[in-house]
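In what follows, a single structure is set out as structure tokens and then discussed.
Protein chains get the first letters and strands the later ones, always in sequence-line order, with residue 1 at the start of each.
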2 protein chains.
Amino acid sequence: MQESLRRFKAGIFQALAHPTRIAILEQLKERELSVSELCERLALEQANASQHLAVLRHRNIVLPRKEGNQVHYSLRDPILGQVLDLMREYFHKHLEEALAMLREEGKESVAPRRRNEVPR
Amino acid sequence: MQESLRRFKAGIFQALAHPTRIAILEQLKERELSVSELCERLALEQANASQHLAVLRHRNIVLPRKEGNQVHYSLRDPILGQVLDLMREYFHKHLEEALAMLREEGKESVAPRRRNEVPR
DNA sequence: ATCGCATATTCAATTATTCTTATATACGGA
DNA sequence: TCCGTATATAAGAATAATTGAATATGCGAT
């Protein structure tokens, strides 16, 4: 597979690689929502929500539907919903380490590794 | 779901969000490989491969196994293999637009949208 | 036409990723 | 021990992503 195709996939993952956008997609997985509904549910600034939606839109991950004054967004392909479901499963499976990882967050003690040890 | 859990998921996606790391994972999905084998197959610089492997390692996506002089890496959880498979399916389904998107790459003509049009 | 609301875009500042080059560490063998 | 190979890390420059504030656009109602 060529570099360009991998860039396409990487682009999709990159679009998913932000907590806010994951939150948005988890909402849209259930049903179509307007921008203001999303802002309300997720406590987002309007401009910020719009920017994140733009990221998702540019990757064709999300579909806008205009209705009068507002824009309703929906998840374009259920496959990405499945991906999110798999991630949920993955998350549960690795709950312990996920929590540990989150607890470690912010620490920067370097803890030099002992000789003969495999890298962190 | 809390912000911290979404950060965990976003972190995984972020680790997947690079063409080189996708290439690495697609190789490891098939079988365990040493760093030098990966470098050879993917035509990577040693230092660069090592950095990308470090990203995957820190997320516990990939597992190092030391054997004498070298380190063999494997995919830690087949779920992520499934995720890559779903992405492949997604990719095929949206092949047309993917190609269009890739063709557009590098252009920066802004193409002002017509009034009454839904955003890009 | 003008107002008000919903949404989108732009800009500048900050922060995070990525690449390259150089150096460090760990190991096995002579 | 010292050497060569495999891998990891560090440092710096280049690039990209994120944010908040300000502004723009599109639409419905008056």
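Side chains of B/Y73 and B/R57: a donor on one and an acceptor on the other come within 3.5 Å.
In the set C/dA8, D/dA6, D/dA17, the nucleotide with an atom closest to the side chain of B/N69 is D/dA6. Among the nucleotides D/dT7, C/dA8, D/dG26, the one closest to the side chain of A/L53 is C/dA8. Comparing D/dT9, D/dT7, C/dA8 against the side chain of A/V35 picks out C/dA8 as the nearest. Listed candidates were D/dA6, D/dA8, C/dC27. Nearest to the side chain of B/R57 is D/dA8. With D/dT19, C/dT18, D/dA8 as the choices, the nucleotide that has an atom nearest any side-chain atom of B/Y73 turns out to be D/dA8.
Contact annotation: A/H18 reaches the phosphate of D/dT19 (side-chain N/O to OP1 or OP2, under 4.0 Å). Dashed line: the shortest gap from a side-chain N or O of A/K66 to OP1 or OP2 of D/dG26 is not under 4.0 Å. Look at A/S36 and you'll find a side-chain N or O under 4.0 angstrom from OP1 or OP2 of C/dT7.
More than 12 heavy atoms of other shown residues, nucleotides or ligands fall within 6.0 angstrom of atom CD in A/E32. Other residues, nucleotides and ligands place no more than 12 heavy atoms under 6.0 Å from the CD atom of A/E40.
Contact annotation for B/S50: base contact, defined as any heavy-atom pair under 4.0 Å involving a base atom.
Summary of helix geometry: the two end axes of the helix from C/dA1-D/dT30 to C/dA30-D/dT1, each defined by five base pairs via their C1' atoms, are inclined to each other by 20° (rounded to 10°).
At whole-Å resolution of the value, CD in A/Q14 and C1' in D/dA16 are 8 Å apart. Atoms CD (B/Q70) and P (C/dG29) sit 12 Å apart, rounded to a whole Å. As rounded to whole Å, 15 Å separates atom C1' of C/dA8 from atom CG of A/L44. In this structure, A/R59 atom CZ and D/dA16 atom C1' are separated by 12 Å, rounded to whole Å. Atom CZ of A/R7 and atom P of D/dA16 are 12 Å apart (whole Å). One interatomic measurement links the two molecules: CG of B/L16 to P of C/dT18, which rounds to 12 Å at whole-angstrom precision. To the nearest angstrom, C1' of C/dT7 lies 15 Å from CZ of A/R65. Atom NE2 of B/H72 is separated from atom C1' of C/dA26 by 15 Å (rounded to the nearest Å).
Linking ILVMFWY side-chain heavy atoms closer than 4.5 Å, directly or via other members, places B/L42 and A/L5 in a single hydrophobic cluster.
Comparing A/A47 and A/H52, the nucleotide of DNA chain D nearest to each residue sits closer to the 5' end for A/H52.
For the pair B/E37 and B/R31, the minimum side-chain heavy-atom distance is below 4.5 Å. Looking only at side-chain heavy atoms (C-beta outward), A/I61 and A/L25 come within less than 4.5 Å of each other.
Judged by distance alone with a 3.5 Å cut-off, no donor-acceptor contact links the side chain of A/N48 to the base of D/dG20. Side-chain atoms of A/Q46 stay outside donor-acceptor range of the base of D/dG20, with no qualifying N/O pair under 3.5 Å. A donor and an acceptor atom never sit less than 3.5 Å apart when one is taken from the side chain of B/Q51 and the other from the base of D/dT7.
With sequence neighbours left out, the ring pair (Phe, Tyr, Trp, His ring centres under 6.0 Å) criterion links B/F13 to no other residue.
Checked by atom type and distance alone, the side chain of A/R6 never pairs as donor or acceptor with a backbone atom of B/R21 at under 3.5 Å.
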